Protein chains: 2
Amino acid sequence: MAKHEKISEAVVRRLPIYLRYLSYLQQVNVTTVSSQQMGMNLDVNPAQIRKDLAAFGDFGKKGIGYDVNYLVENIRQILKLTEEVRVVLVGAGHLGHAISNYNAYMKDNMRIAAIFDSDPQKWGKEVAGLQIQPMEEMAETIQAKNIKLAIMTIPATAAQTVCDQLIQAGIKGILNFAPTTIRVPKDVRVHYADVTSNLQSLAYYLT
Amino acid sequence: MAKHEKISEAVVRRLPIYLRYLSYLQQVNVTTVSSQQMGMNLDVNPAQIRKDLAAFGDFGKKGIGYDVNYLVENIRQILKLTEEVRVVLVGAGHLGHAISNYNAYMKDNMRIAAIFDSDPQKWGKEVAGLQIQPMEEMAETIQAKNIKLAIMTIPATAAQTVCDQLIQAGIKGILNFAPTTIRVPKDVRVHYADVTSNLQSLAYYLT
DNA sequence: TAGATTGTTAATCGATTAACAATC
DNA sequence: TAGATTGTTAATCGATTAACAATC
């Protein structure tokens, strides 16, 4: 595969969407799909889909389309989901609980492998089969379990400090639900998932 | 204001980020800010910030910068947050609860004004001061309370049906947490907030 | 005045889409 | 073979950044 073009962030954001639809097709026993059919269902231009996929290899057959199983396998590989991806969650509040219990990740080879909170009252309590641990154990656990991804569901005031600790411990990607921008080194990626900002930009389009 | 250029989605996504930082500056009694200082703190190019803001009006003073209060007021207006924006939430599961209780919206003039769920067991139960209502009452409530925005925290299987009902009832913007693409008319906006897709695209960047 | 910073233009960069030869 | 659909090139479109005159 790998044609070593540079892959844009926009492409990487679409790959999971493709994967999701293709997994659905597997479930309903569809074995072949065209870029046109995918485009229709995902609201993406078919040429876009072909270009996105072609950047990683020649997965399709001219005149036929794409083999669903083969494509699923390849996108999984591209997204590094072929072996279990462990994720740490920081902040066992309402949102943290909700995300921990929503274990739809599992089927995609992602798993929350540790949960931390600063509140002593919560330590030892079980969430989704894991005991909430004190922040003090964070670095050690992350290194011991070789965790590279983190989800932060903590207040904005704590975000930068916690983020610094996570990076110190070896985290390379953060999904940040805290309503604040965080500064990170170039080799660490942050995706923002703040609900308020997301809603506010929706409000712009009203009337 | 309004120089009737077409405003890109990227700009609209940044406005809430600007607003958040400016609100923070208000809290710490900073009255003036430059595009450079904002850029440093938000990781956005200062020219970008100036261009974004200039699209809506001349908010700054050459040689001085931007008056924080004045800018907050104007961005609020641009984002239509000057009067209360009511939001409906569909799906009172873990995630729905978490989002309802996380009422940081309030200070930004947004408020969850009704909550619906299909499970009869949940009807009448209180969440964040609201009683969970049956889906059957959705259209009526949305129209009665003149609600234009919706948050969907429901399973993927129900997403398209619920989304159709919401649009039928007059909803114009949807924040969709369900892990599926939904089809909507051109005048309705959807923002996607699925945790799994977001995490999966992060995984791509590992090693 | 000198220094700072905006608003805006022009240059660059990147992403999307259309079109079509290649080929199953 | 005829029809369908890919992979890819070229054209278009849009977004970001640099640079600087205007001016506080």
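Predicted model only: the values in this text are computed from it and were never measured. Residue numbering restarts at 1 for every chain, and letters A, B, ... go by the order of the sequence lines.
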ask   = With a 3.5 Å cut-off and no angle check, do the side chains of D164(A) and Q160(A) form a donor-acceptor pair?
value =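 Yes - a donor-acceptor pair under 3.5 Å links their side chains.
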
message = Quiz question: by atom type and distance under 3.5 Å, do the side chains of R76(B) and T82(B) form a donor-acceptor pair?
response =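 Side chains of R76(B) and T82(B): no pair found under 3.5 Å.
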
Secondary-structure stems, DNA chain C, at least 3 Watson-Crick or G-U base pairs under 3.5 Å =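 If one scans DNA chain C for consecutive Watson-Crick or G-U pairs, the stems found are C:3-24 with D:3-24.
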
In this structure, how many angstroms lie between the [atom2] atom of [N] and the [atom1] atom of [X], rounded?
X: L53(B); N: dT6(C); atom1: CG; atom2: P; result: 9 Å
X: I7(A); N: dG14(C); atom1: CD1; atom2: P; result: 14 Å
X: K51(A); N: dA11(D); atom1: NZ; atom2: P; result: 14 Å
X: M38(B); N: dA4(C); atom1: CE; atom2: P; result: 21 Å
X: K62(B); N: dA21(D); atom1: NZ; atom2: P; result: 13 Å
X: L71(B); N: dT6(C); atom1: CG; atom2: P; result: 11 Å
X: F56(B); N: dT8(C); atom1: CZ; atom2: P; result: 14 Å
X: D52(A); N: dG14(C); atom1: CG; atom2: P; result: 17 Å

task = Starting at CZ of R189(A), measure out to CG of L206(B) and round the result to the nearest 0.5 Å.
result =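 These two atoms lie 10.5 Å from each other.
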
task = Would you kindly check if the NZ (Lys) or CZ (Arg) of K80(A) is within the cone defined by 45 degrees around the ring axis of Y204(B) and under 6.0 Å from the six-membered ring centre?
result =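 Yes.
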
request  = Answer yes or no: are there more than 12 heavy-atom neighbours, outside K61(A) itself, under 6.0 Å from its atom NZ?
outcome  =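 Counting other residues, nucleotides and ligands, NZ of K61(A) stays at 12 neighbours or fewer.
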
message = Please find the pair of heavy atoms, one from V184(A) and one from I167(A), that lie closest to each other, and give the distance.
response =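 Closest heavy-atom pair between V184(A) and I167(A): CG1-CD1, 3.6 Å.
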
inquiry  = So if I apply the side chain to side chain contact (heavy atoms under 4.5 Å, CB included) rule between S197(A) and each of L199(A), D194(A), V195(A), which one comes out positive?
reply    =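 Only match with S197(A) under side chain to side chain contact (heavy atoms under 4.5 Å, CB included): D194(A).
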
For I154(B), the option from T161(B), V162(B), T180(B), D117(B) that meets side chain to side chain contact (heavy atoms under 4.5 Å, CB included) =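 For I154(B), the side chain to side chain contact (heavy atoms under 4.5 Å, CB included) test succeeds with only one of T161(B), V162(B), T180(B), D117(B), which is V162(B).
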
Please determine, for the side chain of [X], which listed nucleotide ([options]) has the closest atom?
X: A54(A); options: dT5(C), dT17(D), dT8(D); result: dT8(D)
X: A10(A); options: dA15(D), dA15(C), dA19(C); result: dA15(C)
X: D58(B); options: dT5(C), dT8(C), dT17(D); result: dT8(C)
X: I64(B); options: dC24(D), dG7(C), dA19(C); result: dC24(D)

I want to check one thing: is the phosphate of [N], taken as OP1 and OP2, less than 4.0 Å away from some side-chain N or O of [X]?
X: R14(A); N: dA15(C); result: no
X: Y66(A); N: dA4(D); result: no
X: R50(B); N: dG7(C); result: no
X: S8(B); N: dA15(D); result: yes
X: S35(B); N: dT6(C); result: yes

request  = Report the residue (V11(A) or Q36(B)) whose heavy-atom-nearest nucleotide on DNA chain C is the more 5′ of the two.
outcome  =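 Looking at the nearest nucleotide for each, Q36(B) comes out on the 5' side.
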
